[in-house]
Number of protein chains: 2
Amino acid sequence: MAKRSYQQHCALAKALDLVGERWTLLLVRELLTGPKRYKQLIENLPGMGTNLLAARLRDLQGAELVAHDGTSYSLTERGAELEESVVALARWGSAALAEPIDGELWRASWNVIALKYAFRSDLAKDVVGVIEYRIDDTRVQARIKNGTIATSAEESWKPDVVIEANGETLLALSRGELKPKEAEASGALAVSGDRRLFRSSLRVFRAK
Amino acid sequence: MAKRSYQQHCALAKALDLVGERWTLLLVRELLTGPKRYKQLIENLPGMGTNLLAARLRDLQGAELVAHDGTSYSLTERGAELEESVVALARWGSAALAEPIDGELWRASWNVIALKYAFRSDLAKDVVGVIEYRIDDTRVQARIKNGTIATSAEESWKPDVVIEANGETLLALSRGELKPKEAEASGALAVSGDRRLFRSSLRVFRAK
DNA sequence: CCGGATCCGTAACGATACTG
DNA sequence: CAGTATCGTTACGGATCCGG
């Protein structure tokens, strides 16, 4: 049975033919932070049937967007090029990120995407350093240099400043809804290391 | 009945909750080139049932992404902010744009999106002018200034150069697979007006 | 236990017919 | 023209089962 296609000679339609089905871009999101095993994927995608995950992985391998080495799945180069699209959609969707709803899943690793879409290159021209966020025992790093950003879900670099907080606090900070002083005073936020870099980070990462 | 949701506290998941369903982003693509009537939409989205189009339009109005004035549908400001995401996905998908397959739909207005994703701001710093493409009787304009681009599916500006060709020819040109001289000699391409701006356009619009 | 495959009920989709 | 109604088909979602 041929796969369902929009049958349009249009770049957007071609993209959606490949990654427009339910769950697919969330699966890509998971793999953007590094190779994952089947079990890890199913844990971060509750509600997705195991059969469906297997089918998606098979299709994505067929499209050469995902590779499988026997133990874990990873994005191919072409698959990783979806990052721009994922980040653009997440930037748009971030406006709809309200208070976490009861029962909603949350993973610290998703903040790697948040760092990308919240990063304001134009405000970061003279910022240099490695920032490590510690969110519920998960560490996420951002390396800023020359107005560019690199991120990692592992401990890839030696951090200049370490910022500990939960997801809600970080979101409120990046939106300017919460003052760092207050957050630190209340114990919701802890900063150690280069405080100047921390202050720069508040300027450089801006949700809307 | 509550609408199906990913139930994740994640910006990407929120975006996909709103516009991740089948046909939705293609519908947004149609509205990105200006307000459209119901009939125009259904004509550019063959395969989509009329009931489904009506349901999508209703949902999008509920999410305040689309407005309806009685005769035509248009994007709200928030809806128009999806352009970045649509362009990013189209840029990624453009690599999969091969020869048009028999039976595939094609619309000249989709080239407005193509102009956006193919535009190389860094190569356009000193390019100024209005380019009009005439593709199968449809006119698409691009206005370039200071490394930025504005596009239009209507005749919004007075063109400095007019480029006539079909979609395949333009795609081949933008990919560098076809030389302008040959295209003009064969009659597949006609250029009138500022030829210098035409040459600049070949540099500035680059598919991959 | 991991990595699926199989089965089956439900919801979404797609085509067509019909209506104000 | 702009939808609604209906209905068959496909995709999804949950549970269970199975081989390594």
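Here is how names work: the chains are called A, B, and so on, in the same order as the sequence lines, proteins then strands, and each is numbered from 1.
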Could you encode protein contacts along nucleotides 15-20 of chain D as a string, one character per nucleotide from 5' to 3', using B for base contact, S for sugar-phosphate-only contact and - for no contact, with a heavy-atom cut-off of under 4.0 Å? B-----
In this structure, how many angstroms lie between the P atom of dA11(C) and the CD atom of Glu21(A), rounded? 20 Å
Sub-4.5 Å side-chain heavy-atom contact between Arg107(B) and Glu30(B): no
Within this structure, what is the CD-to-P distance between Gln40(B) and dA2(D), rounded to whole angstrom? 8 Å
Between the main-chain N or O of Ser156(B) and the side-chain N or O of Gln141(B), is there a donor-acceptor pair closer than 3.5 Å? yes
Please report, rounded to the nearest Å, how far the C1' atom of dA11(D) is from the CG atom of Leu52(B). 13 Å
Is any NZ, NE, NH1 or NH2 atom of the basic residue among Glu104(B) and Lys14(A) found under 4.0 Å from an Asp or Glu carboxylate oxygen of the other? yes
Backbone N/O of Ala165(A) and side chain of Tyr133(A): donor-acceptor pair under 3.5 Å: no
Find out whether Phe205(B) and Leu173(B) are in side-chain contact, i.e. whether some heavy atom of one side chain is under 4.5 Å from a heavy atom of the other. no
Return no unless some side-chain N or O of Tyr73(B) is found under 4.0 Å from OP1 or OP2 of dG3(D). yes
Rounded distance (Å) that lies between atom P of dG4(C) and atom CD of Glu43(A): 15 Å
Using a cut-off of less than 4.0 Å, is there contact between a side-chain N or O of Lys39(B) and OP1 or OP2 of dA2(D)? no
Distance check needed: dC12(D) C1' versus Arg4(A) CZ, whole Å only. 11 Å
Atom CZ of Arg56(A) and atom C1' of dG4(C): how far apart are they, to the nearest Å? 16 Å
Between Arg22(B) and dA11(D), is there a contact of a side-chain N or O with OP1 or OP2 at under 4.0 Å? no
Presence of Trp23(B) side-chain N/O under 4.0 Å of dG14(C) phosphate oxygens OP1/OP2: yes
On the nucleotide dG3(C), are OP1 or OP2 found under 4.0 Å from the side-chain N or O atoms that Arg58(A) carries? no
Distance col, row Arg91(B):CZ vs Lys116(B):NZ, nearest 0.5 angstrom, shows 11.0 Å
Would you say dG3(C) has OP1 or OP2 under 4.0 Å from some side-chain N or O of Arg37(A)? yes
Could you check how far CG of Leu26(A) sits from P of dC12(D), rounded to whole Å? 13 Å
Assert yes or no for the condition that the ring centre distance of Trp92(B) to Tyr117(B) is strictly below 6.0 Å. no
Rounded to whole angstroms, how far apart are CG on Leu57(A) and C1' on dG4(C)? 10 Å
